[in-house]
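Any value given below was found using the heavy atoms of this structure, including those in side chains, with hydrogens, waters and symmetry copies removed. Just so we're clear, the structure is a prediction, and the values are computed from it rather than from any experiment. Letters A, B, ... mirror the listed sequences (proteins, then strands); counts begin at 1.
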There are 2 protein chains.
Amino acid sequence: MNYSKQRELVLKTLQENMIHPTADQVYELMRKEMPKISLATVYRNLNQLAEKGIIHRISGLNGSVHFDHNIEKHYHFICTKCNKVYDVPYRVAPDLAQKLAEYTGLEAESYDVAFRGICNHCKNLN
Amino acid sequence: MNYSKQRELVLKTLQENMIHPTADQVYELMRKEMPKISLATVYRNLNQLAEKGIIHRISGLNGSVHFDHNIEKHYHFICTKCNKVYDVPYRVAPDLAQKLAEYTGLEAESYDVAFRGICNHCKNLN
DNA sequence: TTCAAAATTAGTAATGATTACTATTATTGA
DNA sequence: TCAATAATAGTAATCATTACTAATTTTGAA
(Lines give C-alpha, C1' and ligand atoms only; values in the text may rest on other atoms or scores of the structure.)
Protein backbone atom coordinates (compact mmCIF):
# COMPACT_ATOMS: atom_id res chain seq x y z
CA MET A 1 0.00 0.00 0.00
CA ASN A 2 1.70 3.19 -1.16
CA TYR A 3 1.36 6.48 0.59
CA SER A 4 -1.19 8.98 -0.66
CA LYS A 5 -2.33 12.39 0.58
CA GLN A 6 -5.91 11.32 0.02
CA ARG A 7 -5.69 8.22 2.18
CA GLU A 8 -3.96 10.13 4.93
CA LEU A 9 -6.76 12.69 4.96
CA VAL A 10 -9.47 10.02 4.89
CA LEU A 11 -7.97 8.56 8.07
CA LYS A 12 -7.47 11.95 9.69
CA THR A 13 -11.06 12.93 8.87
CA LEU A 14 -12.37 9.75 10.40
CA GLN A 15 -10.26 10.25 13.52
CA GLU A 16 -11.34 13.83 14.00
CA ASN A 17 -15.05 13.19 13.44
CA MET A 18 -16.44 10.84 16.05
CA ILE A 19 -19.81 10.59 14.33
CA HIS A 20 -19.28 7.16 12.73
CA PRO A 21 -19.67 8.70 9.28
CA THR A 22 -20.74 7.00 6.08
CA ALA A 23 -18.48 7.16 3.03
CA ASP A 24 -20.54 10.04 1.73
CA GLN A 25 -20.19 11.93 5.00
CA VAL A 26 -16.42 11.43 4.98
CA TYR A 27 -16.44 12.73 1.40
CA GLU A 28 -18.38 15.88 2.37
CA LEU A 29 -16.15 16.50 5.40
CA MET A 30 -12.98 16.05 3.34
CA ARG A 31 -14.08 18.37 0.56
CA LYS A 32 -13.50 21.39 2.80
CA GLU A 33 -9.80 20.58 2.93
CA MET A 34 -9.39 18.78 -0.41
CA PRO A 35 -12.08 20.00 -2.80
CA LYS A 36 -10.95 17.87 -5.76
CA ILE A 37 -11.23 14.55 -3.92
CA SER A 38 -13.33 11.96 -5.71
CA LEU A 39 -16.08 10.02 -3.97
CA ALA A 40 -14.71 6.81 -5.49
CA THR A 41 -11.34 7.56 -3.88
CA VAL A 42 -13.01 7.92 -0.49
CA TYR A 43 -14.75 4.58 -0.90
CA ARG A 44 -11.57 2.88 -2.09
CA ASN A 45 -9.51 4.20 0.79
CA LEU A 46 -12.09 3.45 3.46
CA ASN A 47 -12.28 -0.11 2.17
CA GLN A 48 -8.51 -0.46 2.03
CA LEU A 49 -8.08 0.89 5.56
CA ALA A 50 -10.79 -1.47 6.80
CA GLU A 51 -9.19 -4.36 4.96
CA LYS A 52 -5.90 -3.67 6.78
CA GLY A 53 -7.73 -3.45 10.10
CA ILE A 54 -6.80 0.20 10.61
CA ILE A 55 -10.45 1.22 10.80
CA HIS A 56 -13.73 -0.66 11.17
CA ARG A 57 -16.73 -0.86 8.91
CA ILE A 58 -20.08 -0.94 10.69
CA SER A 59 -22.94 -2.42 8.74
CA GLY A 60 -26.48 -3.16 9.84
CA LEU A 61 -27.13 0.26 11.28
CA ASN A 62 -29.33 1.90 8.70
CA GLY A 63 -28.99 1.42 4.99
CA SER A 64 -25.46 2.49 4.27
CA VAL A 65 -22.21 1.35 5.81
CA HIS A 66 -20.66 3.49 8.54
CA PHE A 67 -16.98 3.71 9.45
CA ASP A 68 -15.31 3.83 12.84
CA HIS A 69 -11.76 4.87 13.66
CA ASN A 70 -12.07 3.07 16.99
CA ILE A 71 -10.99 -0.54 16.51
CA GLU A 72 -11.34 -1.49 20.17
CA LYS A 73 -14.11 -4.02 20.72
CA HIS A 74 -17.36 -2.21 21.32
CA TYR A 75 -20.93 -2.04 20.05
CA HIS A 76 -23.28 0.57 18.67
CA PHE A 77 -26.62 2.15 19.39
CA ILE A 78 -28.37 4.04 16.61
CA CYS A 79 -31.11 6.52 17.37
CA THR A 80 -34.14 5.90 15.21
CA LYS A 81 -35.07 9.59 15.44
CA CYS A 82 -31.85 11.47 14.74
CA ASN A 83 -29.82 8.58 13.28
CA LYS A 84 -26.86 9.42 15.51
CA VAL A 85 -24.63 6.49 16.36
CA TYR A 86 -23.46 6.01 19.94
CA ASP A 87 -20.72 3.73 21.23
CA VAL A 88 -21.75 0.96 23.59
CA PRO A 89 -19.02 -0.49 25.80
CA TYR A 90 -17.83 -4.03 25.31
CA ARG A 91 -18.75 -5.04 28.87
CA VAL A 92 -22.45 -4.88 27.93
CA ALA A 93 -21.92 -8.20 26.14
CA PRO A 94 -18.49 -9.70 26.75
CA ASP A 95 -17.14 -12.93 25.27
CA LEU A 96 -19.89 -13.38 22.73
CA ALA A 97 -17.66 -15.32 20.35
CA GLN A 98 -16.74 -17.69 23.13
CA LYS A 99 -20.37 -18.10 24.19
CA LEU A 100 -21.30 -18.74 20.58
CA ALA A 101 -18.70 -21.51 20.35
CA GLU A 102 -19.87 -23.06 23.63
CA TYR A 103 -23.50 -23.16 22.64
CA THR A 104 -23.32 -23.85 18.90
CA GLY A 105 -19.82 -24.96 17.96
CA LEU A 106 -19.64 -22.13 15.44
CA GLU A 107 -16.46 -20.06 15.35
CA ALA A 108 -17.06 -16.37 14.73
CA GLU A 109 -14.28 -14.33 13.16
CA SER A 110 -16.13 -11.16 14.03
CA TYR A 111 -19.52 -9.96 15.12
CA ASP A 112 -21.52 -6.80 15.52
CA VAL A 113 -24.20 -5.80 17.96
CA ALA A 114 -26.47 -3.01 16.79
CA PHE A 115 -28.99 -1.59 19.24
CA ARG A 116 -31.85 0.55 17.97
CA GLY A 117 -33.96 2.99 19.94
CA ILE A 118 -34.49 6.63 20.78
CA CYS A 119 -31.50 8.33 22.34
CA ASN A 120 -31.78 10.33 25.54
CA HIS A 121 -31.33 13.59 23.71
CA CYS A 122 -34.26 12.93 21.37
CA LYS A 123 -36.39 11.65 24.27
CA ASN A 124 -36.02 14.96 26.04
CA LEU A 125 -37.31 16.86 23.01
CA ASN A 126 -40.75 15.78 24.31
CA MET B 1 -54.28 -3.75 5.60
CA ASN B 2 -56.58 -5.54 3.17
CA TYR B 3 -56.20 -9.16 2.21
CA SER B 4 -54.28 -10.02 -0.92
CA LYS B 5 -53.27 -13.30 -2.53
CA GLN B 6 -49.82 -11.89 -3.08
CA ARG B 7 -49.21 -11.00 0.54
CA GLU B 8 -50.47 -14.37 1.70
CA LEU B 9 -48.03 -16.12 -0.62
CA VAL B 10 -45.14 -13.88 0.43
CA LEU B 11 -45.72 -14.96 4.02
CA LYS B 12 -46.20 -18.61 3.10
CA THR B 13 -43.02 -18.57 1.01
CA LEU B 14 -41.07 -17.09 3.89
CA GLN B 15 -42.46 -19.66 6.31
CA GLU B 16 -41.68 -22.59 4.05
CA ASN B 17 -38.16 -21.51 3.20
CA MET B 18 -35.98 -21.34 6.27
CA ILE B 19 -33.06 -19.81 4.41
CA HIS B 20 -33.56 -16.23 5.60
CA PRO B 21 -34.12 -15.10 2.02
CA THR B 22 -33.61 -11.64 0.58
CA ALA B 23 -36.50 -9.92 -1.18
CA ASP B 24 -35.11 -11.09 -4.47
CA GLN B 25 -34.93 -14.68 -3.28
CA VAL B 26 -38.53 -14.55 -2.08
CA TYR B 27 -39.45 -13.18 -5.50
CA GLU B 28 -37.70 -16.03 -7.31
CA LEU B 29 -39.25 -18.64 -5.00
CA MET B 30 -42.74 -17.18 -5.46
CA ARG B 31 -42.53 -17.00 -9.22
CA LYS B 32 -42.91 -20.77 -9.44
CA GLU B 33 -46.37 -20.50 -7.94
CA MET B 34 -47.34 -16.99 -9.08
CA PRO B 35 -45.40 -16.16 -12.24
CA LYS B 36 -46.91 -12.70 -12.71
CA ILE B 37 -45.88 -11.40 -9.28
CA SER B 38 -43.95 -8.14 -9.39
CA LEU B 39 -40.69 -7.63 -7.52
CA ALA B 40 -42.02 -4.33 -6.21
CA THR B 41 -45.00 -6.16 -4.73
CA VAL B 42 -42.67 -8.54 -2.92
CA TYR B 43 -40.71 -5.64 -1.46
CA ARG B 44 -43.88 -3.80 -0.46
CA ASN B 45 -45.38 -6.82 1.26
CA LEU B 46 -42.21 -7.84 3.05
CA ASN B 47 -41.92 -4.31 4.40
CA GLN B 48 -45.56 -4.20 5.44
CA LEU B 49 -45.34 -7.55 7.20
CA ALA B 50 -42.19 -6.44 9.00
CA GLU B 51 -43.84 -3.14 9.93
CA LYS B 52 -46.69 -5.09 11.57
CA GLY B 53 -44.23 -7.32 13.39
CA ILE B 54 -45.39 -10.45 11.58
CA ILE B 55 -41.92 -11.09 10.19
CA HIS B 56 -38.46 -9.71 10.91
CA ARG B 57 -36.03 -7.87 8.72
CA ILE B 58 -32.38 -8.75 9.26
CA SER B 59 -29.90 -6.14 8.13
CA GLY B 60 -26.15 -6.07 8.50
CA LEU B 61 -25.57 -9.54 7.17
CA ASN B 62 -24.19 -8.97 3.72
CA GLY B 63 -25.28 -6.19 1.42
CA SER B 64 -28.98 -6.75 1.09
CA VAL B 65 -31.65 -7.14 3.73
CA HIS B 66 -32.78 -10.62 4.67
CA PHE B 67 -36.17 -11.64 6.05
CA ASP B 68 -37.03 -14.08 8.82
CA HIS B 69 -40.41 -15.63 9.56
CA ASN B 70 -39.17 -16.47 13.06
CA ILE B 71 -39.95 -13.54 15.33
CA GLU B 72 -38.73 -15.23 18.51
CA LYS B 73 -35.65 -13.51 19.91
CA HIS B 74 -32.55 -15.02 18.41
CA TYR B 75 -29.40 -14.04 16.56
CA HIS B 76 -27.65 -14.90 13.32
CA PHE B 77 -24.41 -16.29 12.02
CA ILE B 78 -23.51 -15.73 8.39
CA CYS B 79 -20.92 -17.88 6.67
CA THR B 80 -18.41 -15.74 4.81
CA LYS B 81 -17.79 -18.60 2.36
CA CYS B 82 -21.27 -19.81 1.36
CA ASN B 83 -23.29 -16.85 2.67
CA LYS B 84 -25.72 -19.17 4.41
CA VAL B 85 -27.45 -17.71 7.44
CA TYR B 86 -27.72 -19.78 10.60
CA ASP B 87 -29.86 -19.14 13.66
CA VAL B 88 -28.08 -18.55 16.94
CA PRO B 89 -30.09 -19.16 20.11
CA TYR B 90 -31.02 -16.29 22.37
CA ARG B 91 -29.22 -17.80 25.36
CA VAL B 92 -25.86 -16.98 23.74
CA ALA B 93 -26.49 -13.38 24.76
CA PRO B 94 -29.53 -12.96 26.99
CA ASP B 95 -30.89 -9.71 28.36
CA LEU B 96 -28.78 -7.45 26.20
CA ALA B 97 -31.33 -4.64 26.28
CA GLN B 98 -31.38 -4.76 30.05
CA LYS B 99 -27.58 -4.82 30.26
CA LEU B 100 -27.45 -1.89 27.87
CA ALA B 101 -29.77 0.12 30.11
CA GLU B 102 -27.77 -0.77 33.22
CA TYR B 103 -24.47 0.27 31.73
CA THR B 104 -25.44 3.20 29.55
CA GLY B 105 -28.95 4.37 30.40
CA LEU B 106 -29.95 3.87 26.76
CA GLU B 107 -33.22 2.09 26.06
CA ALA B 108 -33.13 -0.23 23.07
CA GLU B 109 -36.35 -0.98 21.24
CA SER B 110 -34.61 -3.74 19.35
CA TYR B 111 -31.17 -5.05 18.56
CA ASP B 112 -29.41 -7.49 16.31
CA VAL B 113 -26.36 -9.61 16.77
CA ALA B 114 -24.67 -10.73 13.59
CA PHE B 115 -21.79 -13.18 13.81
CA ARG B 116 -19.53 -13.72 10.84
CA GLY B 117 -17.25 -16.65 10.17
CA ILE B 118 -16.87 -19.90 8.27
CA CYS B 119 -19.58 -22.44 8.99
CA ASN B 120 -18.76 -26.03 9.89
CA HIS B 121 -19.92 -27.31 6.55
CA CYS B 122 -17.56 -25.04 4.62
CA LYS B 123 -14.71 -25.79 7.03
CA ASN B 124 -14.96 -29.49 6.23
CA LEU B 125 -14.55 -28.83 2.51
CA ASN B 126 -10.78 -28.75 3.33
C1' DT C 1 19.26 11.72 -9.19
C1' DT C 2 16.67 9.12 -12.84
C1' DC C 3 13.24 6.40 -14.52
C1' DA C 4 10.23 2.75 -15.33
C1' DA C 5 7.00 -0.38 -12.77
C1' DA C 6 3.34 -0.33 -9.71
C1' DA C 7 -0.06 2.12 -7.16
C1' DT C 8 -3.28 5.78 -6.88
C1' DT C 9 -6.21 9.24 -8.53
C1' DA C 10 -10.32 11.97 -10.61
C1' DG C 11 -14.07 11.48 -13.15
C1' DT C 12 -17.60 8.93 -14.80
C1' DA C 13 -20.17 4.80 -16.27
C1' DA C 14 -22.21 0.72 -14.56
C1' DT C 15 -24.35 -2.19 -11.16
C1' DG C 16 -27.43 -3.83 -7.58
C1' DA C 17 -30.83 -3.03 -4.13
C1' DT C 18 -34.69 -0.61 -3.12
C1' DT C 19 -38.37 2.79 -3.58
C1' DA C 20 -41.53 5.83 -6.23
C1' DC C 21 -44.93 6.35 -9.61
C1' DT C 22 -49.05 5.29 -12.37
C1' DA C 23 -52.77 3.31 -14.54
C1' DT C 24 -55.45 -0.74 -13.65
C1' DT C 25 -57.61 -4.27 -10.71
C1' DA C 26 -59.18 -6.27 -6.27
C1' DT C 27 -61.14 -5.85 -1.65
C1' DT C 28 -64.27 -4.08 1.60
C1' DG C 29 -68.14 -2.46 4.17
C1' DA C 30 -72.26 0.24 4.03
C1' DT D 1 -74.43 -3.33 -5.47
C1' DC D 2 -71.17 0.11 -5.60
C1' DA D 3 -68.12 3.61 -4.47
C1' DA D 4 -64.06 4.34 -1.44
C1' DT D 5 -59.87 2.39 -0.36
C1' DA D 6 -56.05 -0.63 -0.87
C1' DA D 7 -53.19 -3.42 -3.66
C1' DT D 8 -51.17 -4.77 -7.99
C1' DA D 9 -47.94 -5.12 -12.24
C1' DG D 10 -44.78 -2.87 -14.65
C1' DT D 11 -41.47 0.40 -15.03
C1' DA D 12 -38.83 4.62 -13.97
C1' DA D 13 -36.09 6.74 -10.55
C1' DT D 14 -33.01 6.86 -6.64
C1' DC D 15 -29.32 5.66 -3.64
C1' DA D 16 -25.14 3.31 -2.31
C1' DT D 17 -21.39 1.25 -4.08
C1' DT D 18 -18.12 -0.62 -7.44
C1' DA D 19 -15.88 -0.87 -12.03
C1' DC D 20 -13.37 1.28 -15.52
C1' DT D 21 -9.92 4.32 -17.72
C1' DA D 22 -6.62 7.62 -18.87
C1' DA D 23 -3.62 10.58 -16.33
C1' DT D 24 -0.74 11.38 -12.25
C1' DT D 25 1.99 10.02 -8.17
C1' DT D 26 4.90 7.09 -5.49
C1' DT D 27 8.65 4.06 -5.01
C1' DG D 28 12.89 1.66 -5.10
C1' DA D 29 16.60 0.03 -7.77
C1' DA D 30 20.22 1.41 -11.15
Side-chain angles (χ1 to χ4, degrees), chain A residues 1-14 19-52 54-68 76 78 80 83 85 112 114, chain B residues 1-14 19-52 54-68 78 80 83 85 112 114 116:
Chain A
M1 197 160 73
N2 283 354
Y3 169 86
S4 85
K5 273 187 173 58
Q6 288 84 344
R7 186 178 305 121
E8 185 181 46
L9 188 55
V10 164
L11 185 55
K12 181 162 159 273
T13 302
L14 199 60
I19 59 168
H20 308 83
T22 62
D24 198 68
Q25 287 176 313
V26 171
Y27 174 64
E28 287 305 335
L29 288 163
M30 283 185 66
R31 259 142 70 87
K32 294 168 192 164
E33 200 160 333
M34 190 182 276
K36 296 261 161 203
I37 186 87
S38 158
L39 179 56
T41 299
V42 175
Y43 270 100
R44 187 169 6 83
N45 280 310
L46 285 170
N47 286 335
Q48 283 176 149
L49 289 166
E51 188 71 28
K52 296 275 175 193
I54 298 165
I55 65 175
H56 258 179
R57 66 175 21 238
I58 322 172
S59 56
L61 290 186
N62 239 350
S64 40
V65 173
H66 293 244
F67 292 89
D68 197 340
H76 296 101
I78 186 165
T80 51
N83 282 309
V85 178
D112 290 325
Chain B
M1 197 158 75
N2 283 354
Y3 169 86
S4 85
K5 272 188 174 59
Q6 288 83 346
R7 187 177 305 119
E8 185 180 47
L9 188 55
V10 165
L11 185 55
K12 180 162 159 273
T13 302
L14 199 59
I19 60 168
H20 308 82
T22 63
D24 199 68
Q25 287 176 313
V26 172
Y27 173 64
E28 287 305 335
L29 289 163
M30 284 183 66
R31 259 141 71 88
K32 293 168 193 163
E33 201 159 332
M34 190 182 277
K36 296 258 160 205
I37 185 85
S38 158
L39 179 56
T41 299
V42 175
Y43 270 101
R44 189 170 4 82
N45 280 310
L46 286 169
N47 286 335
Q48 284 176 150
L49 291 166
E51 189 70 28
K52 298 273 177 196
I54 297 164
I55 65 174
H56 258 181
R57 67 173 23 237
I58 322 171
S59 56
L61 289 186
N62 238 354
S64 40
V65 173
H66 294 243
F67 292 88
D68 197 340
I78 185 164
T80 51
N83 282 310
V85 178
D112 290 326
R116 243 161 279 105

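- Between A/R57 atom CZ and D/dA16 atom P there is a gap of 15 Å when expressed in whole angstrom units.
- Between B/E8 and B/K5 there is no salt bridge, since no side-chain nitrogen of the basic residue lies less than 4.0 Å from a carboxylate oxygen of the acidic one.
- In this structure, B/T41 reaches the D/dA9 phosphate: one of its side-chain N or O atoms is under 4.0 Å from OP1 or OP2.
- The distance between atom CD of B/Q25 and atom P of C/dT18, rounded to the nearest whole Å, is 11 Å.
- Between the CG atom of A/L46 and the P atom of C/dT8 there is a distance of 14 Å, given to the nearest Å.
- No hydrogens or angles considered: a donor-acceptor pair under 3.5 Å links the side chains of B/N47 and B/R57.
- Atom NZ in B/K5 sits about 12 Å away from atom C1' in D/dT8, given to the nearest Å.
- A/D24 comes within 4.0 angstrom of nothing in the nucleic acid, heavy atoms only.
- Taking only side-chain nitrogens and oxygens, B/Q6 comes nearer than 4.0 Å to OP1 or OP2 of D/dA9.
- No donor-acceptor pair closer than 3.5 Å links the side chain of A/H76 to the backbone N or O of A/V85.
- The nearest whole Å value for the distance from the CE atom in A/M34 to the P atom in C/dT9 is 9 Å.
- Checked by atom type, the side-chain pair A/Y3/A/R7 shows no donor-acceptor distance below 3.5 Å.
- B/S4 has no side-chain polar atom (N or O) that falls below the 4.0 Å cut-off from OP1 or OP2 of C/dT27.
- Here the nucleotide nearest the side chain of B/Y43, chosen from C/dT8, C/dT19, D/dG10, is C/dT19.
- Proximity of a side-chain donor or acceptor of B/Q25 to a complementary backbone N or O of B/T22 within less than 3.5 Å is detected.
- Closest to the side chain of A/A40, out of C/dT9, D/dG10, C/dT12, is C/dT12.
- For the OP1/OP2 pair of C/dT27 and a distance below 4.0 Å, the side-chain nitrogens and oxygens of B/Y3 include no atom meeting the criterion.
- Considering only side-chain N and O atoms, A/Q48 lies nowhere under 4.0 angstrom from the phosphate OP1 or OP2 of C/dA7.
- Comparing B/T22 and A/P35 by the nucleotide of DNA chain C whose heavy atom lies nearest to each, the residue mapping closer to the 5' end is A/P35.
- C/dT15 atom P lies 18 Å from atom CG of A/L39, rounded to whole Å.
- If you check D/dA9, C/dA10, C/dT9 against the side chain of A/R44, the one that comes closest is C/dT9.
- Distance, A/N45 CG to D/dT17 P: 15 Å, rounded to whole Å.
- For B/N2, no side-chain nitrogen or oxygen approaches OP1 or OP2 of D/dT8 to under 4.0 Å.
- Straight-line distance from the CG atom of A/N47 to the C1' atom of C/dT8: 15 Å, rounded to whole Å.
- In this model, the phosphate group of D/dA7 is approached by a side-chain N or O of B/R7 to a distance below 4.0 Å at OP1 or OP2.
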